[in-house]
Amino acid sequence: APRPTNHTMAPHNNHWCAAALAAAVSVAAGATHSVVHLSVARRNVAMAATSNGVVVAGGCLDAEPGVGAYSCLSPSAVVDVVAADASTTRTTQLPGGARAWASACAVGDDAVVVAGGGTTAAKSAAADLVRVASSTEKNASSFITVSSNASALSQARWGVACATAGSTTYFAGGIGGPHSDYLGVVDACTYDASASTLRCSVAPFELSQVRESMGAVSAESGGTLVSFLGGWNELLDEPNSALVDSFDVSTGERSSSQLSGAAYWPGGARVAGVEYAVDNGALNARDSSASSSEAWTTTALPAPLSGPEELRLAPYESGGAIPSEHVPQNGVTIGDCLACFYGDATTSPLDDEDDVGREAKDSKKNPRTEARSPAVHCFNARTAQWLEPLPCSARHKAGGIAAIGDTIFVAGGYDPDDPNNAPTDVVDVFANVAEGVCA
């Protein structure tokens, strides 16, 4: 059972907030923070939300000495569903098997598709459909139903990004094969709510460049444009990518553009017809109908969100506060004015610049810095201001983020300052985030 710990958000005076976010406004006084817990601590989870509950699926259990953060020897099949009001958590299993590094997106009003992933030894082509019933059934066994197709994806792979348009979720890119076989394929999985079925096939379009670890932006309600942002391909001279591939799924037309800087796992969200992407040093924005690089506008991030300059420029790292947390689908829309992302702001530069390239190249791990502030960072599209951060009670690197209404959930992951990269079971819940902001 969840162990809630509630308190009203009071102004918090992190020493960098006043100086670096001088233009920011305070989060509404009615915003509240609570903590609930997953049934099992794990990192590299797949996470998405329906209108009825938040699904946290799979992940990696490893917490033993010598198991790196980019390995998974002990995968999990656990699915935790946190009710929309965070009052209860129900648990089931992924029928498609235990795995980490899967990708999850909501589709329809009541379902989440969990696809791909794997372990250090193997990759998965499975897609699991997790249906979450009305909140009135949150205490009933029928609250969660699951089904699976073991060969739903055209190729088994991890590092997949997903985005939804209408009743179809698109799973793009990733790594397949026994080695670093980077892919450009896009699989389309269509949900039939009346029949409770999922049908997957290869989409009639593909990425313009093979890569993994992309950000993603789903279509707005009734829209047909999905985008895949940035990414990673270690076989290239500069593995980080600034490329954006956008697809009008109604026509299959692809348009490609560039972010202001290269990043893998960048943040992405769509608010009131505007698409936002957060790379290592800038907030990129464009109208949802835009299809060219000239249409993007860029604004420098506040210094704590940018991270050290040497990491922003390092070809083997994502050093900004948001991409560096390696959270898939890192971006949620709150009301009609907020784009919110999980990030871990830094305050101190590295002592040895030579260590940046070596450690990052060897492990893609963000080298240690002296101070951090894990939090949810929200951009107010109406005022073009970053709000005061919502501080998390735990570090959630390689965790997940999702939202229901104006409540944000950040779950799982690990703290890289822990020598064993031990995963966390913490779910940070922020309610009433839009109160007094989007009115």
Side-chain angles (χ1 to χ4, degrees), residues 48 103-105 159-165 169-175 182-186 205-220 223 225-233 236 238-249 254-271 273-299 301 305-306 312 315 317-333 339-343 364 377 379 381 400-401:
S103 185
C105 273
V160 184
C162 67
T164 297
T169 297
Y170 298 88
F171 294 90
I175 298 181
Y182 289 90
L183 302 173
V185 66
V186 179
F205 44 78
E206 61 183 17
L207 299 174
S208 63
Q209 183 183 81
V210 297
R211 60 199 194 275
E212 62 149 331
S213 303
M214 296 171 288
V217 182
S218 291
E220 58 195 342
L225 186 71
V226 299
S227 294
F228 298 99
L229 318 168
W232 171 270
N233 183 335
L236 301 178
E238 294 191 357
N240 268 348
S241 175
L243 184 62
V244 177
D245 285 324
S246 300
F247 301 96
D248 183 334
V249 299
R254 182 188 70 205
S255 59
S256 298
S257 57
Q258 297 280 325
L259 299 177
S260 65
Y264 63 96
W265 294 135
R270 196 184 307 276
V271 180
V274 178
E275 189 174 15
Y276 294 94
V278 183
D279 60 34
N280 292 314
L283 175 71
N284 304 261
R286 67 175 180 179
D287 183 88
S288 289
S289 62
S291 60
S292 67
S293 58
E294 289 74 23
W296 288 99
T297 60
T298 61
T299 305
L301 293 172
L305 294 184
S306 294
R312 294 201 307 275
E317 191 47 72
S318 273
I322 291 165
S324 69
E325 290 303 274
H326 300 179
V327 172
Q329 285 76 248
N330 189 354
V332 295
T333 302
C340 299
F341 314 89
Y342 170 72
K364 295 193 290 183
H377 301 272
F379 179 77
I401 185 172

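Predicted model, so just to flag it, every value in this text is computed and none were measured.
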Chi angles and distances behind the side chain to side chain donor-acceptor pair (under 3.5 Å) call for D245, S256: CA-CA 5 Å; D245 285 324; S256 298; 2.6 Å; yes
Straight-line distance of L225 CG to E275 CD, nearest 0.5 Å: 6.0 Å
Check: S103 and Q329 side chains under 4.5 Å, non-hydrogen atoms: yes
Straight-line distance of S213 OG to W232 CH2, nearest 0.5 Å: 8.5 Å
Atom pair CD (E212) and CG (L207), whose distance is rounded to the nearest 0.5 Å: 12.0 Å
Atom of N280, atom of A262 and distance for their closest heavy-atom approach: ND2-O, 2.9 Å
Gap separating the CG atom of L229 from the OG atom of S246, nearest 0.5 angstrom: 7.5 Å
Option passing side-chain contact (heavy atoms from CB on, under 4.5 Å) with Q258 (candidates L243, N284, V244): L243
Side-chain touch L283/L301, heavy atoms, less than 4.5 angstrom: yes
Nearest atoms (heavy-atom pairs only) where V226 meets A165: CG1-CB, 3.9 Å
Heavy-atom pair with the smallest gap, counting every atom of V217 and A269: CG2-N, 3.7 Å
Student check: side-chain heavy atoms of W265 and P328 closer than 4.5 Å: yes
No-hydrogen, no-angle side-chain donor-acceptor test under 3.5 Å, S208 and R254: no
Minimal non-hydrogen separation, P266 against P323, with atom names: CA-CG, 4.0 Å
From F228 atom CZ to R211 atom CZ, the distance as rounded to the nearest 0.5 Å: 9.5 Å
Heavy-atom pair with the smallest gap, counting every atom of V186 and A172: CG2-CB, 3.9 Å
Mutual orientation of the aromatic rings belonging to F205 and Y170 [parallel < 30°, tilted 30-60°, perpendicular > 60°]: tilted
Near-ring test F379/Y276, centroid separation under 6.0 angstrom: yes
Residue pair S260, D279: steps toward the side chain to side chain donor-acceptor pair (under 3.5 Å) verdict: CA-CA 8 Å; S260 65; D279 60 34; 2.7 Å; yes
Taking every non-hydrogen atom, the tightest pair across A277 and L259: CB-CD2, 3.6 Å
Residue of the set I401, N330, V332 for which side-chain contact (heavy atoms from CB on, under 4.5 Å) holds with F341: N330
Any side-chain heavy-atom pair of T333 and E220 under 4.5 Å: no
